[in-house]
Participant: 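Right, I'll just put the structure down here and ask away after.
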Amino acid sequence: MKKLTTSITLLFFIFILNAQEQKYPVFEGCESINNQELPDCFKTNVSNAVIKAIELPTIVEKDNFEGLVNVVFTINEKGAFSVLYLNTPYQELKDEISKIISELPVAEPAMYNNHAIEMQFVLPIQFPLNKNTVEYSSEIKEIEKPKVNDDFSITQQDDGLNLIKLDSLKLLEHHSQINIPYTHQSYSNLDYYYNKVQNSHTAVKPYIYSEAEQYVDLDAQKSSLMMQKDTWLGKKFFNEHMLQVQGKDYWFTLDPIVDLQAGKAGDVNTFNNTRGIQIQGSLGKKLSFYSTIFESQGRFAKYVNDYAESIAPAGGNPAIIPGRGIAKEFKDDAYDYPVAEGYLSYTPSKFVNLQFGHSKNFIGDGYRSMLLSQNASPYPFFKINTKFWKIKYTNLWMWLRDVRPEVTEDGVFKQKFMATHYLSWNVSKKLNIGLFESVIWENSNDKGFDINYLNPIIFYRAIEFSTGSRGGNALVGLTAKYRLNDKISIYSQLLIDEFTTGQIAKGNGYWGNKSGFQIGAKFNDAFNVKNLFLQAEYNTARPYTYSHNEPVLNYGHNNQSMAHLWGSNFNELIGIANYTKGRWYGTAKIVSGKKGFDIEGDAVSYGGDIYQDYSDRTDDFGVKIGQGNKTNIFIGDLQVGYLLNPATNLKLFGGVTYRNFNPEIITTKFEKTNTTWLNIGLRTDIFDWNFDF
């Protein structure tokens, strides 16, 4: 009896185990395969059926697309195939592959516990298609089905169909109201996708992640760069945010950020030691937040140190680090400069985004901007972006400072304000034009923020006139961008500070015709080389542009220009080449131009320093670019690097910068110099360093 009971019990467990055995779907050609070999047959036959059926869309062939496309698909309880997710920026390719998979022959569905179930798989497809020669033999197991709308990502592998791994990269910021950190290299790639099909609004930067989703699949781009890492440290260092917390209606990430550099420029040993924290997240879908806190020490090439000290603020601090902020002494010949940036971003509807914070803004399609640039230190701002029909309208209010000793009162820096309107209009699929106006006014008579400039749809020039000739400094501008084709676009800016129509017609070099001009061109995937970006740009500004006869009404902040880095009285030609291949990248840049500086010892302004009173000009007529101490400037910069972590943009890099500075008049302040600056470093690349002056 005992043996019989044991036998019955054993048979019962064998029955239960067999009944609960999971069985793969049976695809065409695998009907006679046993259960043990069925997974390999399923993977191979499905993969071959999909890949052989793909007919490349014209745009994919034209771009010579290379890379990995992960296709997430399901087989439902009836054996029908459907696509859940496909990570490619080409909508045409998405449509092609989705159609193929949806038309696959109905399979016998997967079984579990004698019941038909749905299973999900990932099919990695290499492009060009002739690279798909790998046998597909990885193990597939049933997983919990994620919701279609959940954020998930794919672990990149080379062994065919793979399961979705829910613990892999999840970049929640891609679907938030957070700004994409502005660097010229990253935005040259984004602009290509923004303008690929038709014109789009690309002048106002930084972009918002959720807006960029309309033009480019950022998840797909980052997923294609993922490394297969099994350890926690490997995932965090090469693929993911250091800390990511997600709840039902909120999420946030926390990352350490660094900028560690070591180099040599002549007899100067240079370094930068930046440590910081980056916090970003969202509360619901409409409200996002972002903050970075930096603690830095550095010593730079001599020409950078000299410039930083030449714009030192009142109060005894030795320098202002260009683009960062006020520095105090560190050791005997270096600087300590803390910086903090942050903002709130709120999108109450699909038409409007509101931002309030302490950071920078940029208006233009070029490497430089004659309207509003990111050269100066961060400042408080409030911004409204309104987008509808073919229009994007930007209102920007900024709180700035003049930190020169001559305007400082009782140790307190002089407060001034700036308000800007920019209207971008997509006239057609090829042409975009923009209208710009800006005004700066000071806190005279303790009137604070002038409510006259709070109106978002009024003309500032009229308000400036009504409040008195000394009430503010208004500028206007015009921009244009034209798409020649999917890869080539040209752009331009015209800035008018002040002009007299009659004097322009005479062509007599009237000082009051103060203006700036830019024209440039971009070439993406140049000469059919994927990810090769070329750019050429010409910039010029007449003497006395951006300056004023009131001490603080110049177009500057923290002793730095709010427009072009060189101020005024210059012309400049720039050439840039960027190339990326996977995680590797290279950037080459050439800057060549001439600028007129004030002559040391002369008590007049030659129009190159926007902080000088234009009432001290040399003459009313015969004013020309380069007057004063004309200086030829040449800068060549080459950098190569490797992207260590796509989630945080952590990069390992090395570079060399050559600078030739050749003034006509040699003085103690303006010496003829040749600088070669070698540099290596590890950097979280979330803002541009601009040392090309």
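One-based numbering along the sequence shown.
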Participant: Angle between ring planes, Phe81 versus Phe42, binned at 30° and 60°: parallel, tilted or perpendicular?
Facilitator: parallel
Participant: For Ser424 and Asn432, which heavy atoms make the closest approach, and how far apart are they?
Facilitator: OG-ND2, 3.0 Å
Participant: Quick one: which residue pairs count as a salt bridge (Lys or Arg N to Asp or Glu O under 4.0 Å) with a foot in residues 49-62, not counting sequence neighbours?
Facilitator: none
Participant: Let me see the working for Thr292 and Ile686 under side chain to side chain contact (heavy atoms under 4.5 Å, CB included), right down to the final yes or no.
Facilitator: CA-CA 10 Å; Thr292 55; Ile686 54 177; 4.1 Å; yes
Participant: Quick one: does Gln244's side chain get under 4.5 Å of Thr253's, heavy atoms only?
Facilitator: yes
Participant: Measure from the side-chain N and O atoms of Thr44 to the backbone N and O of Cys41, and report whether any donor-acceptor pair falls under 3.5 Å.
Facilitator: no
Participant: Any chance you could lay out the salt bridge (charged side-chain N to carboxylate O under 4.0 Å, His left out) test for Glu211 and Lys392, step after step, and finish with the verdict?
Facilitator: CA-CA 12 Å; Glu211 180 184 66; Lys392 184 173 183 179; 3.5 Å; yes
Participant: Nearest 0.5 Å please: distance from the CG atom of Leu644 over to the CZ atom of Phe653.
Facilitator: 11.5 Å
Participant: Find out whether Thr74 and Leu84 are in side-chain contact, i.e. whether some heavy atom of one side chain is under 4.5 Å from a heavy atom of the other.
Facilitator: yes
Participant: I'd like to check the side chain to side chain donor-acceptor pair (under 3.5 Å) partners of Asn45; sequence neighbours left out, ordered by chain and number.
Facilitator: none
Participant: Does the ring-ring contact (aromatic ring centres under 6.0 Å, His included) test come out yes or no for Phe289 and Phe252, once each step is laid out?
Facilitator: CA-CA 9 Å; Phe289 58 89; Phe252 70 88; 7.4 Å; no
Participant: When you compare the side chains of Glu213 and His174, does any donor N or O come within less than 3.5 Å of an acceptor on the partner?
Facilitator: no
Participant: Find the distance between CD (Glu118) and CD (Gln120) and round it off to the nearest 0.5 Å.
Facilitator: 5.5 Å
Participant: Is the side chain of Asp525 donor-acceptor paired with the backbone N or O of Asn528 at a distance under 3.5 Å, no angle test?
Facilitator: no
Participant: Measure from NZ or CZ of Lys651 to the centre of the six-membered ring of Tyr585 and say whether it is under 6.0 Å with the direction within 45° of the ring axis.
Facilitator: yes
Participant: Taking side chain to side chain donor-acceptor pair (under 3.5 Å) as the definition, give me every residue that meets it alongside Tyr290, ordered by chain and number, with sequence neighbours left out.
Facilitator: Gln278
Participant: Answer yes if the side chains of Tyr193 and Asn524 hold a donor-acceptor pair under 3.5 Å, and no otherwise.
Facilitator: no
Participant: Please examine the side chains of Asp255 and Leu650, heavy atoms only from C-beta on, and report whether any two atoms are closer than 4.5 Å.
Facilitator: no
Participant: Can the ring centroids of Tyr393 and Phe388 be said to lie less than 6.0 angstrom from one another?
Facilitator: no
Participant: How about Phe351: does its CZ atom have over 12 heavy atoms from other parts shown lying under 6.0 Å from it?
Facilitator: no
Participant: Does a donor on one side chain and an acceptor on the other come within less than 3.5 Å for His241 and Asn645?
Facilitator: no
Participant: Mark yes or no for whether Asn195, through its side chain, and Asn199, through its backbone, hold a donor-acceptor pair below 3.5 Å.
Facilitator: no
Participant: Does the side chain to side chain contact (heavy atoms under 4.5 Å, CB included) test come out yes or no for Asn189 and Gln221, once each step is laid out?
Facilitator: CA-CA 11 Å; Asn189 177 60; Gln221 286 190 344; 3.5 Å; yes
Participant: What verdict does the ring-ring contact (aromatic ring centres under 6.0 Å, His included) test give for Phe121 and Phe73, after you've listed the backbone C-alpha separation in whole Å, the side-chain angles of each residue and the deciding distance to 0.1 Å?
Facilitator: CA-CA 6 Å; Phe121 305 94; Phe73 68 92; 5.6 Å; yes
Participant: Is a donor from one side chain sitting under 3.5 angstrom from an acceptor on the other, for Gln177 and Ser210?
Facilitator: yes
Participant: How about Gln261 and Asn679: does a side-chain donor come under 3.5 Å of a side-chain acceptor?
Facilitator: yes
Participant: Is it true that Thr684 and Asp259 share a donor-acceptor pair across their side chains at a distance under 3.5 Å?
Facilitator: no
Participant: Excluding sequence neighbours, so at least two apart, what forms side chain to side chain donor-acceptor pair (under 3.5 Å) with Ser98?
Facilitator: none
Participant: Determine the interplanar angle of the Phe362 and Tyr182 rings, folded into 0 to 90°, and report it as parallel if under 30°, tilted if 30 to 60°, perpendicular if over 60°.
Facilitator: tilted
Participant: Return the minimal non-hydrogen interatomic distance between Glu96 and Ala53, and the atom names on each side.
Facilitator: OE2-O, 3.7 Å
Participant: Verify the neighbour count for atom CD of Glu28: are there more than 12 heavy atoms of other residues, nucleotides or ligands below 6.0 Å?
Facilitator: no
Participant: Stepwise, does the side chain to side chain contact (heavy atoms under 4.5 Å, CB included) test hold for Trp389 with Trp425?
Facilitator: CA-CA 9 Å; Trp389 187 52; Trp425 175 29; 4.1 Å; yes
Participant: His201 versus Asn426: any side-chain heavy-atom pair under 4.5 Å?
Facilitator: yes
Participant: Can you give me the closest heavy-atom contact between Glu173 and Ala647, atom names plus distance?
Facilitator: OE2-O, 4.0 Å
Participant: Which word best sums up how the rings of Tyr90 and Phe65 line up, parallel for under 30°, tilted for 30 to 60°, or perpendicular for over 60°?
Facilitator: perpendicular
Participant: Within 45° of the axis and under 6.0 Å from the centre of the six-membered ring of Tyr491, does NZ or CZ of Lys522 qualify?
Facilitator: yes
Participant: Applying salt bridge (charged side-chain N to carboxylate O under 4.0 Å, His left out), name anything that partners Lys99, two or more places apart in sequence or on another chain.
Facilitator: Glu103
Participant: Shortest non-hydrogen contact from Gly366 to Glu537?
Facilitator: CA-OE1, 3.1 Å
Participant: So, taking the atom named CD1 in Ile576 and the one named OG in Ser188, what distance separates them when rounded to the nearest 0.5 Å?
Facilitator: 8.5 Å
Participant: Verify, without hydrogens or angle tests, whether Thr231 (side chain) and Gly234 (backbone) share a donor-acceptor contact under 3.5 angstrom.
Facilitator: yes
Participant: Testing Asp191, Thr202, Asp365 one by one against Lys481 for a side chain to side chain donor-acceptor pair (under 3.5 Å), which residue passes?
Facilitator: Thr202
Participant: Once you round to the nearest 0.5 Å, how far does CG of Asp95 lie from CD1 of Ile100?
Facilitator: 11.0 Å
Participant: With heavy-atom distances below 4.5 Å as the criterion, would you say the side chains of Trp689 and Arg683 are in contact?
Facilitator: yes
Participant: How long is the straight-line distance from CG of Leu225 back to CG of Asn239, given to the nearest 0.5 Å?
Facilitator: 9.5 Å
Participant: Stepwise, does the side chain to side chain contact (heavy atoms under 4.5 Å, CB included) test hold for Met227 with Arg583?
Facilitator: CA-CA 10 Å; Met227 291 183 177; Arg583 292 196 179 205; 3.6 Å; yes
Participant: What pairs with Asp688 under side chain to side chain donor-acceptor pair (under 3.5 Å), at least two apart in sequence or on another chain?
Facilitator: none
Participant: Can you check whether Ile125 reaches Ile54 side chain to side chain, under 4.5 Å on heavy atoms?
Facilitator: yes
Participant: Does some side-chain heavy atom of Tyr215 sit less than 4.5 Å from a side-chain heavy atom of Leu190?
Facilitator: no
Participant: Is the CD atom of Gln36 crowded by more than 12 outside heavy atoms at less than 6.0 Å?
Facilitator: no
Participant: Any heavy-atom pair between the side chains of Leu484 and Lys430 that's under 4.5 Å?
Facilitator: no
Participant: Between CG of Asn353 and CG of Asn179, what distance do you get to the nearest 0.5 Å?
Facilitator: 7.5 Å
